[in-house]
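Structure, as structure tokens:
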Amino acid sequence: MQQYILSKKNVITVISGLLIALGFFSHFVLENVGLSEWSLIIASVFGIMPIAIQAFQAMKVKVISIDVLVSIAAIGALFIQNYEESAIVTFLFLFGHYLEHRTLNQTRSAIKELTEMAPESALKQMDNGEFEEVEVDDVDEGDILLVKTGAKVPVDGTVLTGEGHINEASITGEAVPVNKLADAEVFAGTILENGTIQIRADRVGEDTTFGKIVELVEEAQDSKSEAERFIDRFSKYYTPAVLVLAIVVWAFSQNIELAITILVLGCPGALVIGVPVSNVAGIGNGARNGVLLKGSEVIQDFSNVDTIVFDKTGTLTVGNPTVAATELYEKDSAETLGYLASVERESDHPLAKAVLNQIGETNFYPVEETEVVKGGGIVSSVAGHRVAVGNVALMEKENVTLSKKVQKDVKRFEQQGNSLVLTAVDGELKVLMGIRDQVRPGVKANLQELKDLGVKNLVVLSGDNQGTVDVVAGELGLTEAHGHMLPEDKSAYIGKLQQRGQIVAFVGDGVNDSPSLALADIGIAMGSGTDVAIETSDVVLMNSNFSNLPHALGIVKATANNMKQNIAISIGVVLVLLTSVFFSEWMNMSIGMLVHEGSILVVIFNAMRLMKYKLKGRKE
Amino acid sequence: MEKAILQLETLSCPSCMQKIEGAVKSVNGVDKDSIKVLFNSSKVKVDFDSAVTSIEEIQKAIENVGYPVLKAKVKAA
């Protein structure tokens with residue numbers, strides 16, 4: 001019976017609402033007070049039933065819940081024959097619940113999308129050798145499974161036979177399908193786009209990488225910060241305290257009306273829900289954008305970060321040198337470039353590769369003699385011409401005159417952090433190229449976004465030589481750059497920054513930087529959804545897209561602010577209500593309940609804004 | 001000790017969590033400190049001693065305070 005009533009809560013809400021409407025209609029239009037009163041009484045009884053049942057269940061496990069307060073208040077109102085109040089208060093309470101339920105589901109939609117990506121069934125090889133469809137829970141480690149085109153890989157496993165392309169976006173964030181042959185690892189939740197494979201199950205259920213990601217996000221959404229734990233403790237005593245206050249007021253004033261009004265006004269509505277709802281919306285936004293945040297503690301710490309440390313120049317640069325700038329000192333340079341390419345083709349120097357890539361298609365000439373000048377470059381004889389390719393020192397040695405313009409270009413290229421490759425044909429300078437390891441496209445703008453979000457120090461700690469590091473730092477406007485660093489040097493340096501009182505986030509790949517990831521206030525693993533990264537870091541960026549980093553910082557800042565707003569709204573509402581009950585004429589139970597339910601919806605809607613959060617100035 | 005993971009119908013009021021926690025606590029043989037009621041994912045996780053109680057007992061306790069259990073799973077803790 002109890003279950004039946006609770007399951008029909010929505011129907012009861014509608015009936016109670018209709019009866020209240022009938023009550024007011026008969027009172028003011030039909031002017032039939034008797035009918036009006038009876039409608040409101042029946043509405044109250046309908047409304048009180050589910051609330052009282054919930055209150056009773058709570059009392060059984062020794063909890064004074066909000067339902068207890070509302071039930072007593074509504075029954076009290078019936079008792080003093082204030083049928084209007086009892087009907088409206090219970091209706092608003094139920095209707096508010098319905099709206100909360102609806103809106104809360106929306107804030108949770110991101111995580112729901114994630115869990116719905118989990119595989120549900122698998123084709124398992126039975127004892128007779130045939131494959132049969134079973135629930136994914138019935139798959140054990142070591143089982144042989146068949147995966148067909150278009151199906152989800154049900155578990156983490158190893159390919160035994162067959163071949164196919166798998167979309168691993170759910171694990172790596174990378175949408176380009178990966179070719180999988182025998183012995184390749186496959187992951188639960190990824191999709192076989194073509195081909196058919198048989199796999200052996202290695203890890204199942206919550207032990208799979210996908211399972212761990214889901215569990216991480218779920219736990220993160222419900223993890224509590226110090227502030228939330230405080231609110232929890234507070235509300236545990238707050239609700240009974242309101243009950244006691246109401247009894248005391250009644251005992252002294254003998255005013256039942258005032259006492260039950262306090263019960264309703266004191267309901268801790270928005271306060272308890274405000275922070276978790278921001279949390280879930282913020283973490284949900286992150287999950288949808290490839291940013292896994294491990295809980296609300298992380299949100300607080302990350303939002304206060306003022307120093308971000310990058311683990312290597314490779315995070316910021318493309319990683320292979322390319323020609324960044326070229327100056328030609330003749331009208332038609334096709335022939336010269338042909339000579340240059342022919343010479344560089346003989347060399348295995350990294351700069352030579354960059355030059356060849358830059359020139360691309362060209363006429364190659366036979367190279368007759370080649371002399372490598374140590375610390376300078378190459379001098380060759382090509383098609384009867386003496387071709388010198390190398391740095392400024394080589395040009396001087398070859399007695400090549402550098403005009404004023406060339407000297408200026410050389411200086412400019414050097415300042416931009418280029419390594420120089422000059423080409424002279426028969427003692428005359430023809431081409432100047434500047435080569436460098438290029439910064440990843442967009443990184444500069446992303447770093448600016450980080451600064452705009454309030455990060456003061458951007459630091460790179462790299463194993464590269466100091467020169468390369470300085471150039472990258474200069475180009476990107478980093479505040480500090482240190483080369484020749486071993487992993488232990490990096491973690492030591494992070495410790496030093498922290499001693500100076502800075503709040504440090506460390507961005508690493510999660511594989512060989514675990515000490516730094518662990519030591520930093522916030523460890524950010526970038527570019528892999530691997531087990532290690534998930535376990536050691538606070539934030540996981542699912543793919544190596546650098547632009548996720550500013551988004552991550554932006555969403556945690558927005559979430560932290562959102563929580564503060566929600567706390568302010570809910571405390572403000574309770575204060576206003578409680579003061580007005582003592583100092584104003586117009587306050588009554590119905591208005592109090594309306595404001596309460598309203599404030600709950602306000603904090604939920606406020607949190608919902610986080611779901612659509614985007615960094616300022618970014619396009620869809 | 002074994003770990004019970006129970007998926008409930010969507011929870012919508014934080015005060016429900018207190019009720020559910022109270023209900024699970026009242027079951028003999030559960031590790032009271034391990035009770036975790038996950039509000040947003042509507043799950044309950046708790047360690048229990050399988051010699052004293054069972055997952056059915058825990059499920060019954062939760063359903064008695066008015067929250068239907070959709071799925072219950074036991075894992076070795």
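Naming convention: chains lettered A, B, ... in sequence-line order (proteins, then strands); numbering from 1 in each chain.
Only the side chain of B:Lys45 comes within less than 4.5 Å of a heavy atom of chain A; its backbone N, CA, C and O stay farther away. Only the backbone of B:Glu63 comes within less than 4.5 Å of a heavy atom of chain A; no side-chain atom from C-beta onward does.
More than 12 heavy-atom neighbours from other residues, nucleotides or ligands sit within 6.0 angstrom of NZ on B:Lys32. The neighbour count for A:Met611 CE, taken as heavy atoms of other residues, nucleotides or ligands under 6.0 Å away, is above 12.
Of all heavy-atom pairs spanning B:Lys19 and A:Gln54, the tightest one is NZ-O, 3.4 Å.
Within the 4.5 Å cutoff, the side chain of B:Lys73 has heavy atoms near those of the A:Asp137 side chain.
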